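The structure under discussion appears below in the form of structure tokens.
All ligand and atom numbering here is 1-based and tracks the order in the structure. Please read all numbers here as calculations on a predicted model, not as lab measurements.
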Amino acid sequence: MVREVKKSMKKYTLGNSKEEALNLLPNGRVKKVKLGEKEIAVLRLGEEVFGFEPFCPHRGASLLNAYPNSSGELICPLHEYRFNLKSGRPMAGGCRDLETYSCILGEGGLEIQI
Ligand code: FES
């Protein structure tokens, strides 16, 4: 028998306005954000924001020192595996996908769904 298990998603809002959310996130640097009991990593590139798990799916290195390249990929500092920031798919290196979270920047702040 197969049962459908639905994951419950939670929404959080960072900042009270778009400008406030942008000011909380340094451009081009990964920042740790605590949402309830969960910590995630957030990276802002201009007015695009990406959310993802804070540890690399390869060997568990912290991604707080990871950095983006010009192709919209996140590079893990330990073994330089590259991950697509939107899909989480590894572009170089063999491991599972990086878990990513929806981040929508609007006039009321940054809405993150985990
Ligand atoms: S721990 Fe990230 S690439 Fe190896």
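- Minimum-distance N/O/S atom of His58 relative to atom 4 (Fe) of ligand 1: ND1.
- The distance from ligand 1 to the heavy atoms of Ala61 drops below 4.0 Å at these ligand atoms: 1 (S).
- Rounded to the nearest 0.5 angstrom, Ile75 CD1 and Asn65 CG are separated by 13.5 Å.
- Per-residue contacts place Tyr81 under 4.0 angstrom from the following atoms of ligand 1 (heavy atoms of the residue considered): 3 (S).
- Taking CG of Leu110 as the reference point, atom CD1 of Ile104 lies at 9.0 Å (rounded to 0.5 Å).
- Contact check for Leu98 versus Pro57: side-chain heavy atoms found under the 4.5 Å cut-off.
- More than 12 non-hydrogen atoms from other residues, nucleotides or ligands lie less than 6.0 angstrom from NZ of Lys34.
- Taking a cut-off of under 4.0 Å to the non-hydrogen atoms of Cys76, the atoms of ligand 1 that pass are 1 (S), 2 (Fe), 3 (S).
- Close approach to Cys56 involves these atoms of ligand 1, each under 4.0 Å from a residue heavy atom: 1 (S), 2 (Fe), 3 (S).
- Side chains of Gln113 and Tyr101 form no contact here, defined as non-hydrogen atoms less than 4.5 Å apart.
- Here His79 meets the criterion, with an N, O or S atom under 2.8 Å of atom 4 (Fe) of ligand 1.
- Close contacts between ligand 1 and Arg59 involve ligand atoms 1 (S) [criterion: under 4.0 Å to a heavy atom].
- Closest non-hydrogen pair, Ala66 versus Val30, comes out as O-CG2, 3.5 Å.
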